[in-house]
Amino acid sequence: MPSSSDDAMTNPNWTTFPMDLVERIGGLLISDDASDFVRLRAVCHPWRSTTVETKSRADFFYPRNWIMLSNPKSSPSDVCFFNTSTHKSFSFDLTPYLDTYSLFRALDYLFLLKHKITQDFALLNPFMKSITPLPSKIESNRANAPKLLEDMFEQIIHLEGVFVTSSFTIVLQFGQEDFLRTKLGDQSWMYGGFNVWIDGNVLFCKDRLLFVTSDDRGLVQINLANEIPIKPQVEIVISSNELPYGPSMEERCYLVDCDGEIILVTFNRRHHQWESFETYKLDLNEKTYVRLPNLGNRSIFIGHDRTFSVSCDNLSSVPANFIYLCELRRYETACYNLKTNRVKCLFGEPFLNSFPLLEKLIKCCARPCWKLASEDDE
């Protein structure tokens, strides 16, 4: 006959687990993997009650390291998400929401929905399974500025990014320099630009937008933590004459978040070939950088509007220490091997058929925003 201790092992009473420890574990999980935090909260009612405050953190609304691998237009009942650090996957059924909403855009881990009757926009977070209504009205002192969010989409179709700060400010980035900001629960957007021309990509990290300008300002950051309507200021981190990079038609630079470290990647395109790749680790506090000869156990993916890195530990289908250029500026896809210093064009390469995950990562990076209204991004 089994003992009471054996029964406790096979059928543990999770409600007796120390709640302060549950809260600490929840705080660690939500910073790294929102899906694990969801599973933790599903264990029992006391665990859900203990983690209510943790659930209100912006980390849950803006889960790190998750990307959308599949086009929800093709398979709305099975939208696949992938964690670039833990390699966990998450499948989401979008179809229950499509009776009320039409799917307008899909970016990284969020769906932008449009109500079929009211025509209002909303954000759907698949991890929270919650819908956040977005304001319709836009406030701006700029002449001829759009008055409604729908007008913004009609005039500037290219939505490049959605960012959520720790203070729950939602930021929409359109094109190179048009931004909308609103506080969660506010009734309108603040519209404005920063009068900069971005050379490369915009990277959102710790409530800041980071990018390199094509003028003499160089690497700059914009702190989005300021309360609305205070306009965020552009702060120079490293001036252009101190960067290991000279803006030109041939030279490119991109910023990448490598597991919390900011990496600057520079390279050239001359005579129809990619060349002169260099990687640098940035210290934003000290406003310095050091050359990084290799990426260790990670590889980097660079598209026109977005970048990400992938941990290659126990991931045989994605080799480490590579930089993948994913249809960059409408050129062919290529990869650069930091160990051999060689570039290889991947256009039509049959070996990609043997590595479906690598092919999906490249396609996902090349298309950061799944366009669903009329485009055909299969």
key: Plane angle bin for Phe127 and Phe90 - parallel if under 30°, tilted between 30 and 60°, otherwise perpendicular   =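 Parallel: the ring planes of Phe90 and Phe127 meet at under 30°.
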request  = Specify whether His87 and Phe82 have parallel, tilted or perpendicular ring planes, treating 30° as the upper limit for parallel and 60° as the lower limit for perpendicular.
outcome  =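 Rings of His87 and Phe82: parallel, as their planes differ by under 30°.
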Stepwise side-chain contact (heavy atoms from CB on, under 4.5 Å) check, Ile222 with Phe211 = CA-CA 9 Å; Ile222 298 173; Phe211 50 87; 3.7 Å; yes
What do you reckon, is [atom1] of [X] surrounded by more than 12 foreign heavy atoms closer than 6.0 Å?
X      : atom1 : result
Arg291 : CZ    : yes
Asn314 : CG    : no
Lys183 : NZ    : yes
Leu21  : CG    : yes
Lys116 : NZ    : yes

Working to the nearest 0.5 Å, report the span between [atom1] of [X] and [atom2] of [Y].
X      : Y      : atom1 : atom2 : value
Leu123 : Leu110 : CG    : CG    : 5.5 Å
Arg208 : Leu203 : CZ    : CG    : 10.0 Å
Ser317 : Glu359 : OG    : CD    : 11.5 Å
Asp259 : Asp257 : CG    : CG    : 7.5 Å
Glu278 : Cys253 : CD    : SG    : 13.5 Å
Leu284 : Leu219 : CG    : CG    : 7.0 Å

Please check if the side chain of [X] supplies one atom and the backbone of [Y] the other of a donor-acceptor pair under 3.5 Å.
X      : Y      : answer
Arg217 : Val237 : no
Ser75  : Ser77  : no
Ser102 : Lys114 : yes
Asn201 : Leu255 : yes
Thr165 : Thr169 : yes
Ser309 : Arg298 : no
Asp283 : Asn285 : yes

Looking at every non-hydrogen atom in both residues, tell me the closest pair between [X] and [Y] and how far apart they are.
X      : Y      : answer
Ser299 : Asn321 : OG-N, 3.3 Å
Cys205 : Ile262 : SG-CD1, 3.8 Å
Asn83  : Thr86  : OD1-N, 2.9 Å
Trp189 : Pro135 : NE1-O, 2.8 Å
Ala320 : Gly296 : CB-O, 3.7 Å
Val256 : Thr307 : CA-OG1, 3.6 Å

query = Among side-chain atoms of Asp120 and Ser136, is any donor-acceptor pair under 3.5 angstrom?
reply =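 Yes, because at least one side-chain N or O of Asp120 sits under 3.5 Å from a partner of the opposite role on Ser136.
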Decide yes or no for [X] and [Y]: does some side-chain heavy atom of the first lie under 4.5 Å from some side-chain heavy atom of the second?
X      : Y      : value
Leu113 : Leu103 : yes
Thr266 : Leu243 : no
Lys344 : Asn337 : no
Gln221 : Val234 : no
Ile263 : Leu292 : yes
Thr132 : Leu184 : yes
Ile67  : Leu69  : yes
Ser89  : Phe81  : no

request  = Would you check if the distance from the ring center of Phe179 to the ring center of Tyr191 is below 6.0 Å?
outcome  =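 No.
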Centroid-centroid distance, Phe153 to Phe104, less than 6.0 Å =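 Under 6.0 Å, so yes.
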task = Show the numbers, then the answer: is there a side-chain contact (heavy atoms from CB on, under 4.5 Å) between Val171 and Phe204?
result = CA-CA 10 Å; Val171 182; Phe204 179 69; over 6 Å; no
request  = Take Thr182 and Ser188 through the test side-chain contact (heavy atoms from CB on, under 4.5 Å) and record every step on the way to the result.
outcome  = CA-CA 7 Å; Thr182 190; Ser188 62; over 6 Å; no
ask   = Any chain of hydrophobic side-chain contacts (each under 4.5 Å) joining Leu180 to Leu148?
value =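 Looking at the clustering, Leu148 is in a separate group from Leu180.
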key: Check against side-chain contact (heavy atoms from CB on, under 4.5 Å), Trp66 and Lys88   = CA-CA 9 Å; Trp66 285 93; Lys88 293 179 181 178; 4.3 Å; yes
task = Show the numbers, then the answer: is there a salt bridge (charged side-chain N to carboxylate O under 4.0 Å, His left out) between Lys287 and Glu235?
result = CA-CA 11 Å; Lys287 300 184 177 182; Glu235 176 191 351; 3.3 Å; yes
query = Among Phe267, Tyr324, Phe322, Tyr254, which one satisfies ring pair (Phe, Tyr, Trp, His ring centres under 6.0 Å) with Phe277?
reply =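 Of all the options given, the one that passes is Phe267.
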